[in-house]
Amino acid sequence: MTATARDTVLGRIRDALALAPAPAGTVPRTYRTGRTLPDTERLALLTDRLVDYKARVHPCTRDRTAEVIAEVLRERGARRVGVPAGLDEEWLGAYDGEVQRDSAVIPPPSLGELDGVVTASAVSCAETGTIFLDGSPDQGRRALSLVPDLHVCVVDLSSVVAGVPEAVARLVPERPTTLISGPSATSDIELERVEGVHGPRTLAVVVRTDA
Amino acid sequence: MSTFLGMPAAPPRSPYGTGNLRGERSFPQAAHDGLRNGQLRGNLGRATRTIRAKRIAVTGELPDWEALRDAGAAIKTDTMNRLPELLEELERKVTERGGTVHWARDGVEANEIVTRLVKATGSGDVIKVKSMATQEIGLNEHLEAAGITPYETDLAELIVQLAHDKPSHILVPAIHRNRDEIRRIFLDGIPGVDPDLDNVPAHLAAAARAYLREKFMTTKVAVSGANFGVAETGTLAVVESEGNGRMCLTLPDTLITVMGIEKVLPRYQDLEVFLQLLPRSSTGERMNPYTSMWTGVTPGDGPQDFHLVLLDNGRTAALADEIGRAALNCIRCSACLNVCPVYERTGGHAYGSTYPGPIGAVLTPQLAGMHAAEDDPNSSLPYASSLCGACFDACPVKIDIPSMLVELRHQDTEQAGTSAEKLAMRAAATVMGKPKLYRAAQRAASLSRSVGVGGRDRTISRLPAPFDGWSDSRDTAAPPRQSFRSWLASAEGAATMRAAAEEGARRTTDDQDDEQEEQ
């Protein structure tokens, strides 16, 4: 019987390790983990980083969520928006355009007909200005927050953590996870930064400071 | 079944004559193109300067940067030591989550697997996320030969593909092109592009967006690489900026990911280290705009058919090299390219391989060997360095590239056989081992100087073979008129040495006086 590629490759690795054994070492985890910052500092840091990445930040309180979302959509001229199946219905309560509730049967190309999308978020990292979406019912499938040109993302300050280790610790590995730091960007032509290539050209973040 | 029976054998290199791990010319020959290309040198100089400054700024923001580097290096070393169990764990987890894992001994086998999987879908088109591994194995060429059209979707890779060119930088593959060239490439290569398209980068990016959007929406199969594959959970990660990655990883029905076996990470938690090290080292950003992480198949979200191809292609040969194995720790950030004085002047094409720059100069010979062919261009790569050490300082996982280059030079001269250079060195060793012969040779050298070697400026612009490789790129100081030995033996030499000794004695006395005064 000829060896399968799997057996051959694993055999080669074992041979290589026998030929050049390396002493086992421990991984030093002396870098910063488990950091906490007061609410005001987390908000200030996240806002600073998001704005640096050309995202728009709209702080608000929980009771003004619908109002602020409607304002952002109106400002951007969005007449038709998509929302994940599990998004809080009240969030679009003040919006007078058309709302399309997402479902897996809607083919992705038709998502391109939406002017924008409104989602919640799982975790955010203040130090890097990164928002994590994990496919929960209020965040939807990955295509929904990708294809439309405007992404309005609601972040609760309580879900904002200081650094990357604190954010990774809050994730559920098996969920499809998307990390977003500002809108789509490229620097491929003479290293000149251009916002918006394939992903949403505009990222608006509504930060609820009391949630 | 198992191949580990008795004595271990050295694993093979990537097979000769396949993929893109070897150029057609030696580094010094190929470097001439880059050195003569003002456009390339200007672009590269600006790009590397800019990224260098950004990297220094954002790494300086983190007080624990060095601790992160230590952790990153240790995680990678731990990974290599436990590679068999980690790969088996990754395979198990991906399979549990509805994915299919394939193993490829080399690029040829990986190409065949991908082609077979694409054909099984019935699609004649494939959208591709930028991937070093598929570039390394020449997947695009292979797909085209099989009648399948691959579309690169990263803006720079698209430029390179439409121009029938090769990438010149790991991070910004089309950095050798300027906006006017890119405009022409798009006008020639993108069907139905606006003929009035100008050279503004935003407009060029918009043209690519319009062209590729249709591909994203209609193509049923995507091929990607992977930055990380987590054994503990079976999670794959792709780090990018433009969203083309998210498009490819999300919209098609079938996703095929080709990942080098060294890209596995033991724990999900390890991502907390590399998600800090990679973007800051690579683009000098705190975080890249988009990262996608997926585990097998998620019903109702993304591709419902997922294949992971685990690629060896010389990686096990690198692993068997005690000193060179750390090259496998590379996370392809390209920080070493941006600080390398040699890369900055020659550009990436001079290295002939998918992996340019300092890391390419060690990784390429590790993967593909240095003596697979006569006058193997790869044997010139370990010399494509000034050994200044900047790459070691910049590497986020602390790969000691300079030491590896020295080791590879050693291996090269060991294997090189009887070259003219070796004969010359042997002759020199004989001469230097015998004082009489040595003095005679020195007299001969100074005689040659006195008959005019070196010209007015005391430099020699061209040395005879086998030393012409040296003089091709630099002038050589002419030998002195007189050897040190004969100068020392002369009246002038003796007088100078006496004067120096007196001067030295006087200084020692002065110093002692100064010290006494201070006390």
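Excluded from the calculations below are hydrogen atoms, water molecules and symmetry mates; all remaining heavy atoms, backbone and side chain alike, are included. We name chains A, B, ... by the order of the sequence lines, and we start the count at 1 in each one.
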If we define contacts as heavy-atom pairs under 4.5 Å, which of [options] has the most with chain A?
{"options": "B:Met293, B:Arg46, B:His169, B:Arg105", "answer": "B:Arg105"}
{"options": "B:Val273, B:Asp321, B:Asp106", "answer": "B:Val273"}
{"options": "B:Met247, B:Arg179, B:Glu61", "answer": "B:Arg179"}
{"options": "B:Ser241, B:Ala202, B:Ala174", "answer": "B:Ser241"}
{"options": "B:Thr295, B:Thr291, B:Asn288, B:Asn244", "answer": "B:Thr291"}
{"options": "B:Trp294, B:Tyr268, B:Trp65", "answer": "B:Tyr268"}

Under a 4.5 Å cutoff for heavy-atom pairs, which residue among [options] has the most contacts with chain B?
{"options": "A:Leu203, A:Val168, A:Ile13, A:Val164", "value": "A:Ile13"}
{"options": "A:Ala22, A:Ser103, A:Gly112", "value": "A:Ala22"}
{"options": "A:Ser181, A:Gly135, A:Pro28, A:Pro21", "value": "A:Ser181"}
{"options": "A:Glu192, A:Glu195, A:Arg141, A:Arg142", "value": "A:Arg142"}
{"options": "A:Pro109, A:Cys125, A:Pro165, A:Pro183", "value": "A:Pro165"}
{"options": "A:Ala104, A:Pro107, A:Ala5", "value": "A:Ala5"}

Quick one: what part of [X] sits under 4.5 Å from any heavy atom of chain B, side chain, backbone, both or neither?
{"X": "A:Val105", "value": "neither"}
{"X": "A:Glu127", "value": "both"}
{"X": "A:Thr130", "value": "side chain"}
{"X": "A:Ser187", "value": "backbone"}
{"X": "A:Ser110", "value": "neither"}
{"X": "A:Pro200", "value": "both"}

Could you tell me whether a side-chain N or O of [X] sits under 3.5 Å from a main-chain N or O of [Y], the two making a donor and an acceptor?
{"X": "A:Ser184", "Y": "A:Val197", "result": "yes"}
{"X": "A:Asp138", "Y": "A:Gly86", "result": "no"}
{"X": "A:Glu190", "Y": "B:Asn178", "result": "no"}
{"X": "B:Arg325", "Y": "B:Ala318", "result": "no"}
{"X": "B:Glu242", "Y": "A:Thr186", "result": "no"}
{"X": "B:Glu272", "Y": "A:Ala169", "result": "no"}
{"X": "A:Lys54", "Y": "A:Ala185", "result": "no"}
{"X": "A:Arg42", "Y": "A:Val160", "result": "yes"}
{"X": "A:Tyr95", "Y": "A:Arg79", "result": "yes"}

Please state whether the side chain, the backbone, both or neither of [X] comes within less than 4.5 Å of a heavy atom of chain A.
{"X": "B:Ile323", "value": "neither"}
{"X": "B:Thr235", "value": "side chain"}
{"X": "B:Ala104", "value": "backbone"}
{"X": "B:Thr218", "value": "neither"}
{"X": "B:Arg213", "value": "side chain"}
{"X": "B:Leu212", "value": "side chain"}
{"X": "B:Ala208", "value": "backbone"}
{"X": "B:Glu91", "value": "side chain"}
{"X": "B:Arg97", "value": "side chain"}
{"X": "B:Arg183", "value": "neither"}
{"X": "B:Arg315", "value": "neither"}
{"X": "B:Ile261", "value": "side chain"}
{"X": "B:Glu322", "value": "both"}
{"X": "B:Leu155", "value": "both"}

Heavy-atom closest pair, residues [X] and [Y]:
{"X": "A:Asp52", "Y": "B:Arg286", "value": "OD2-NH1, 3.0 Å"}
{"X": "B:Cys248", "Y": "B:Thr153", "value": "SG-OG1, 3.6 Å"}
{"X": "A:Pro173", "Y": "A:Leu171", "value": "CD-O, 3.5 Å"}

Side chains of B:Leu319 and A:Leu17: does their closest heavy-atom pair fall under 4.5 Å?
->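 Yes; the side chains approach each other to less than 4.5 Å.
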
For [Y], is there an ion pair with [X] - N to carboxylate O distance below 4.0 angstrom?
{"X": "B:Arg69", "Y": "B:Glu66", "value": "yes"}
{"X": "A:Asp149", "Y": "B:Arg209", "value": "yes"}
{"X": "A:Arg193", "Y": "B:Glu285", "value": "yes"}

Option passing salt bridge (Lys or Arg N to Asp or Glu O under 4.0 Å) with A:Arg208 (candidates A:Asp39, A:Asp88, A:Asp156) = A:Asp156

For A:Arg29, the option from B:Asp70, B:Asp270, B:Asp64, B:Asp78 that meets salt bridge (Lys or Arg N to Asp or Glu O under 4.0 Å) |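 That would be B:Asp270.
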
